[in-house]
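Just follow the structure's listing: the first ligand is 1, and inside any ligand the first atom is 1.
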Amino acid sequence: MNFLEERIQKDGIVKEGNVLKVDSFLNHQMDIRLFDQIGAEFKKRFAGKPINKILTIEASGIGIACMAAKHFDVPVVFAKKSKSINIEGEMYVAEVESFTHKCKNQVIVSKKFLNPEDHVLIIDDFLANGCALQGLISIVSEAGASLEGIGITIEKGFQAGGRMIRNLGYHLESLAIVDAMDPVTGRITFRSQEP
Ligand code: 5GP
C-alpha cells in the first residue's frame with residue numbers, strides 16, 4: 001500500500017451510498033504534510049510534461065491543487081461554482097452535476113486565466129462518475145489550451161468516471177483507486193498499482 005492508501009485505510013469511513021468520508025484529513029480538516037506528499041507524487045507521475053498551470057474546482061480540490069502547485073512551481077486556477085444562469089462574455093462556462101450534493105452547478109473560469117498557450121494539469125480530490133472532470137475538460141478545450149494530464153487523489157474505481165476518462169485517451173493518474181468498499185464491515189479494497 002502507498003502512503004495515501006494507508007491513510008485512507010486508517011482514517012477513511014465508508015458510508016452508505018458509495019460515499020467515502022475522508023474529512024478528517026482531506027476535505028474538511030486538511031493534513032498539509034499529506035498534501036505535500038500528494039503534490040510530490042503528482043510531480044513524479046507527470047515528470048517531463050510542460051505543465052504551466054493547474055486547474056481545479058472549488059472547494060475541496062483547491063488545497064491539494066495548491067500544494068501540488070508548489071512542486072510544479074505554477075499558478076492554480078479554480079473553477080468557481082456559480083448560481084447565476086446567465087454568465088456571458090468573459091467566462092468559460094460548464095455544467096457540472098455534483099455527486100455528493102446531487103445538484104447541478106454552472107462552473108466558471110475567467111478567460112483572463114486560461115488561454116491557448118496554456119499547458120494544463122487538472123487536479124481534484126475525488127473521481128466518481130466523472131462529471132466534475134468532464135466540466136473541467138470542457139473548459140480547457142473551450143480555452144483552446146492543451147490538457148497535459150489529470151491527477152486525482154482518490155478514484156472510486158467501481159464507478160464509471162475513471163474508465164470513461166481513460167477511454168477518451170487522457171493521461172489520468174489516480175494516487176489511490178478504491179475497487180470496493182463495504183459500509184457494513186468498513187473494508188476498503190484498493191486496485192494494485194505499479195510501485
Ligand atoms: P464526480 O463528478 O466524478 O461524480 O464526483 C466528483 C466530486 O464529487 C469530487 O470533486 C468530490 O468533491 C465529490 N465526491 C465524489 N465521491 C465522493 C466520495 O465518496 N466522498 C467524498 N467526500 N466526496 C466525493
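Here Asp124 has side-chain heavy atoms under 4.0 Å from ligand 1, and that is the only part of it that gets that close.
The closest side-chain donor-acceptor pair between Ser60 and Asp125 falls under 3.5 angstrom.
What you find for Val22 and Phe126 is that their closest heavy atoms are CG2-CE1, 3.6 Å. Heavy-atom minimum distance, Gln193 versus Glu5: NE2-OE2, 4.2 Å. Residue Ala145 comes nearest to Val120 through the heavy atom pair CB-CG2, 4.0 Å, listed as atom of the first residue, atom of the second, then distance. In terms of heavy atoms, Thr56 sits closest to Ile123 at OG1-O, 2.7 Å. For the pair Gln159 and Ala128, the tightest heavy-atom approach, listed with the atom from each and the gap, is CB-O, 3.4 Å. The two residues Phe72 and Lys43 have their closest heavy-atom pair at CZ-CA, 3.4 Å.
Residue contacts with ligand 1: Lys156 is included, with a non-hydrogen atom under 4.0 Å away. Heavy atoms of Asn18 come nearer than 4.0 angstrom to ligand 1 in at least one pair. Using a 4.0 Å cutoff on heavy atoms, Val22 does not count as a contact of ligand 1.
In this comparison of Ala59, Gly130, Gly135, the heavy atom closest to atom 3 (O) of ligand 1 sits on Gly130. The residue among Gly162, Ala132, Gly161 with a heavy atom at the shortest distance from atom 2 (O) of ligand 1 is Ala132. In the candidate list Ile165, Asp125, Asn27, Asp125 is nearest to atom 9 (C) of ligand 1, counting heavy atoms.
Nearest protein heavy-atom neighbour of atom 20 (N) of ligand 1: Leu20 O, 2.8 Å. When hydrogens are left out, the protein atom nearest atom 15 (C) of ligand 1 is Phe99 CD2, 3.2 Å; that is the closest non-hydrogen contact. In terms of protein heavy-atom proximity, atom 13 (C) of ligand 1 is closest to Thr100 OG1, 3.9 Å. For atom 21 (C) of ligand 1, the closest heavy atom belonging to the protein is Phe126 CE1, 3.4 Å. Among all non-hydrogen protein atoms, the one lying nearest atom 4 (O) of ligand 1 is Asn129 N, 2.8 Å.
Taking CD1 from Ile57 and CG from Leu133, the interatomic distance works out to 9.0 Å, rounded to the nearest 0.5 Å. Taken to the nearest 0.5 Å, the CD1 atom of Ile152 stands 7.0 Å off from the CZ atom of Phe42.
Residue-ligand proximity, Ser60 to ligand 1, at heavy-atom distances under 4.0 Å covers atoms 12 (O).
Residues Ile188 and Leu20 form a side-chain contact, since some pair of their non-hydrogen atoms from C-beta on lies under 4.5 Å apart. By the 4.5 Å heavy-atom criterion applied to side chains, Lys81 and Val96 are not counted as neighbours.
Residue Cys131 has at least one nitrogen or oxygen atom sitting less than 3.5 Å from a nitrogen or oxygen atom of ligand 1, judged on distance alone. Ligand 1 has a nitrogen or oxygen under 3.5 angstrom from a nitrogen or oxygen of Ala128. In terms of N/O distances under 3.5 Å, ligand 1 is not approached by Val19. Polar contact check, Ile57 against ligand 1: no nitrogen or oxygen pair lies under 3.5 Å apart.
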